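Have a look at the structure below before the remarks.
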There are 2 protein chains.
Amino acid sequence: MPATIYDIAKKASVGIGTVSRVLNNHPNVSLKTRERVLKVAHDLNYQPHAYAQGLARKKTNTIAAIIPYFTNYFFLEVLQGIQDKMLTLGYDIMLYGLNENDPEQFETYLLRATQKGRADGIMLFSLRLPDDFTMKYKHINQPFILVDCYHPDFDSITVDNKAGAYAATKHLIDLGHKRIGMINANPISPPAKIRFSGYKTALMESGLSFDEKIYKPSRILKYDGFSREAGYDSMIDMLELPKHELPTAIFVSSDVQAMGVLSAMRDHNLTAPDDIAIVGFDNIELAQHIGLSTISQPMYEMGVLSVGRMLDRLSNRNGSVTHTLFTPKLMVRETCGHYKKNTTMVNN
Amino acid sequence: MPATIYDIAKKASVGIGTVSRVLNNHPNVSLKTRERVLKVAHDLNYQPHAYAQGLARKKTNTIAAIIPYFTNYFFLEVLQGIQDKMLTLGYDIMLYGLNENDPEQFETYLLRATQKGRADGIMLFSLRLPDDFTMKYKHINQPFILVDCYHPDFDSITVDNKAGAYAATKHLIDLGHKRIGMINANPISPPAKIRFSGYKTALMESGLSFDEKIYKPSRILKYDGFSREAGYDSMIDMLELPKHELPTAIFVSSDVQAMGVLSAMRDHNLTAPDDIAIVGFDNIELAQHIGLSTISQPMYEMGVLSVGRMLDRLSNRNGSVTHTLFTPKLMVRETCGHYKKNTTMVNN
DNA sequence: ATGAAAGCGCTAACAT
DNA sequence: ATGTTAGCGCTTTCAT
């Protein structure tokens with residue numbers, strides 16, 4: 001039913017080659033013919049058949065994105081950056097959303113995404129890659145770009161977790177706190193591990209000692225401890241300490257956990273920052289609503305940049321691998337102190 | 001580089017027709033040949049070429065989803081439902097995320113999505129369709145399924161906004177409130193309009209009169225007033241009223257707006273439910289964190305169901321159009337009163 | 001049961 | 001400058 005180049009060719013009394021040339025802006029077509037063909041194409045409301053074009057060009061103009069849903073806000077913003085950029089470049093996005101960090105579903109998606117003629121490249125988000133990943137996928141025909149995760153053998157875009165954790169902790173130190181705890185996710189997760197090291201470094205540099213008693217890695221392992229429940233649990237645990245051993249400030253490894261921490265405090269009739277100051281990490285949308293001080297990642301830009309990296313890779317398969325580190329930004333809001341009523345809450 | 005059916009055919013000493021038959025489980029292939037071909041295919045790590053297959057079959061096994069990003073949580077959950085279901089059916093999802101309800105970008109996406117050979121069907125989310133939509137797209141070759149939006153000419157899955165608004169308002173009435181206000185989004189938006197009618201109906205049925213003074217449609221029009229800012233602004237406006245004219249309870253047309261409403265209250269040293277009880281709509285993830293009573297939509301199920309509808313449509317293009325209405329559920333939490341400490345906040 | 005061949009709609013190399 | 005032809009990798013019809 002829809003028009004093909006054959007229909008155009010017939011109507012314009014030319015060969016399909018000429019039609020193709022016109023449509024693809026190739027030189028060597030007389031102005032007269034070009035215009036005639038263009039007119040017919042327009043009249044027929046012609047649209048190229050995506051798959052036919054892809055098959056002939058050996059290019060899909062599609063990229064696959066595999067993203068765990070639990071990354072939530074982060075996911076959405078990065079995706080938005082990607083989408084905006086992709087659109088202007090004529091690429092489409094095939095979305096593979098992971099329900100949990102389920103290795104099996106991940107494999108299934110990977111298999112589909114890497115299927116011949118499915119996508120030109122693949123973007124992986126916030127995923128912990130299995131050890132044999134390089135072996136299995138390094139020599140595949142599609143480039144991989146990692147966003148918010150790292151592997152030495154593939155291009156990656158990440159945020160400087162250490163710098164972020166350092167900044168958060170340092171800010172608390174500058175505020176005058178001497179006893180600063182940390183509630184961490186599961187340190188098996190690379191970001192959790194690195195955020196911990198940033199926390200520790202800041203402590204050391206300022207001559208504060210690290211106290212195991214006020215460092216709580218997550219006991220709840222779902223989502224690697226990056227959950228509200230895990231934060232709640234850790235804080236309840238923390239609050240078992242005798243009063244004089246409690247920290248006066250806590251750096252929490254993610255905002256969702258911080259949500260739980262704040263709930264736990266509320267349940268103990270404690271408030272932030274008056275009783276204990278809190279700084280989170282991620283700057284999820286929620287953080288601004290509740291005045292949570294946190295570390296903000298330039299998510300949208302990361303998305304945009306990752307597209308650039310993908311295109312570079314597409315046109316130069318063998319260039320050397322690059323790793324881009326974004327520096328996150330401290331967002332001072334109320335839970336860390338210095339809260340100014342009527343400004344912080346509403347305007348940022 | 002990757003193996004094709006020709007490679008298999010040669011190695012297995014058969015014709016490509018036979019290979020194709022084996023791969024597609026057609027009858028009329030001897031067991032012996034079938035096994036031989038299968039083995040070779042496996043040895044060669046054969047994967048069909050998606051586009052070649054699509055071209056030949058005139059089927060892409062892909063569906064396009066056009067979704068405005070601002071729907072946020074709703075978006076994510078519905079998408080998750082869709083994705084899970086799609087995967088089991090061997091369909092892929094092409095994602096077109098809209099940055100705002102921008103008609104131009106929408107057209108662009110629609111054009112891509114409806115491109116020949118791009119997707120078998122198209123799902124539209126939370127989108128207000130232009131008037132000429134039917135004319136332009138009804139007779140296109142791909143079926144449309146509308147989710148969270150309505151148009152008489154296309155299959156749709158929506159939530160019963162009227163019933164939800166009614167339930168919210170009725171609950172406030174049952175709690176003993178006599179003076180119940182509403183903060184609405186922009187009534188130009190169908191859900192806003194319908195939620196308003198549910199609110200009004202509940203009022204009428206209980207013999208309460210509708211008072212213009214405590215009904216505030218949004219003055220801020222971005223996102224049709226479904227935003228935190230709009231809610232904040234409306235509440236500030238509402239609080240101008242002399243004390244005795246203030247409502248004792250307010251039904252807010254969405255949770256994001258309710259966030260703003262609560263902020264505005266906080267800025268006036270008012271709390272919910274003590275000073276004014278609040279019920280929202282949507283049950284976004286945030287709602288549970290802050291104890292916001294609200295109306296919950298079965299988002300995941302809506303996603304799953306929409307896939308079913310799409311497949312029905314794919315196999316029966318001319319069946320009559322169906323509209324499915326999901327009934328939303330009231331989630332009683334603290335902001336409407338009856339808050340029980342240590343249970344509501346943490347456990348649901 | 002199976003091989004050969006046509007066709008899906010396009011691009012690109014090859015003629016002229 | 002333009003028409004013709006050979007793929008792209010697969011499905012499907014037509015012979016045998």
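Each chain gets a letter, A, B and so on, in the order the sequences are listed, and its residues count up from 1. Not measured: the values here are computed from a predicted model.
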Please enumerate all residues that pass side-chain contact (heavy atoms from CB on, under 4.5 Å) together with A/A64, with sequence neighbours excluded.
A/M94, A/Y96, A/A113, A/A119, A/I122
Holding to ring pair (Phe, Tyr, Trp, His ring centres under 6.0 Å), I want the full list of residues that pass it with A/Y150, two or more places apart in sequence or in another chain.
A/H323
Please name all residues satisfying ring pair (Phe, Tyr, Trp, His ring centres under 6.0 Å) with B/H26, sequence neighbours left out, ordered by chain then number.
none
Taking the nucleotide of DNA chain C with the closest heavy atom to each, which residue, A/Q47 or B/L31, is nearer the 5' end?
B/L31
Can A/E107 and A/R112 be counted as an ion pair, charged N to O under 4.0 angstrom?
no
Shoot me the first and last contacting nucleotide of DNA chain D against chain A, ordered 5' to 3', at under 4.0 angstrom to non-hydrogen atoms.
D/dA1 to D/dC10
Please state whether the phosphate of C/dA1, meaning OP1 or OP2, lies under 4.0 angstrom from any side-chain nitrogen or oxygen of B/T33.
no
Side-chain N or O of B/K58 closer than 4.0 Å to phosphate OP1/OP2 of C/dG9
yes
For A/K39 and A/D43, run salt bridge (charged side-chain N to carboxylate O under 4.0 Å, His left out): C-alpha distance rounded to whole Å, both residues' side-chain angles, the deciding distance at 0.1 Å, then the answer.
CA-CA 6 Å; A/K39 174 157 181 7; A/D43 290 350; 2.7 Å; yes
Rounded to the Å, how far apart are B/R118 CZ and C/dC10 C1'?
14 Å
Taken to the nearest whole Å, CG/A/N61 to P/C/dC10 is 15 Å
Expected rows: protein N/O vs nucleotides 11-14 of chain C N/O, under 3.5 Å:
| residue | atom | partner | partner atom | Å |
| --- | --- | --- | --- | --- |
| C/dT11 | OP1 | A/N24 | OD1 | 3.4 |
| C/dT11 | OP1 | A/N24 | ND2 | 3.2 |
| C/dT11 | OP1 | A/Q53 | NE2 | 3.1 |
| C/dT11 | OP1 | A/R57 | NH2 | 3.3 |
| C/dT11 | OP2 | A/S20 | OG | 2.9 |
| C/dT11 | OP2 | A/N24 | ND2 | 3.4 |
| C/dA13 | N6 | A/R21 | NH2 | 3.4 |

Which word best sums up how the rings of A/Y51 and A/H49 line up, parallel for under 30°, tilted for 30 to 60°, or perpendicular for over 60°?
perpendicular
Tell me which pairs pass salt bridge (Lys or Arg N to Asp or Glu O under 4.0 Å) where either residue lies in residues 114-123 of chain B, with sequence neighbours left out.
A/D92-B/R118, B/K59-B/D120
Give the intermediate values and the outcome of ring pair (Phe, Tyr, Trp, His ring centres under 6.0 Å) for residues B/F154 and B/F133.
CA-CA 10 Å; B/F154 300 89; B/F133 192 81; 5.3 Å; yes
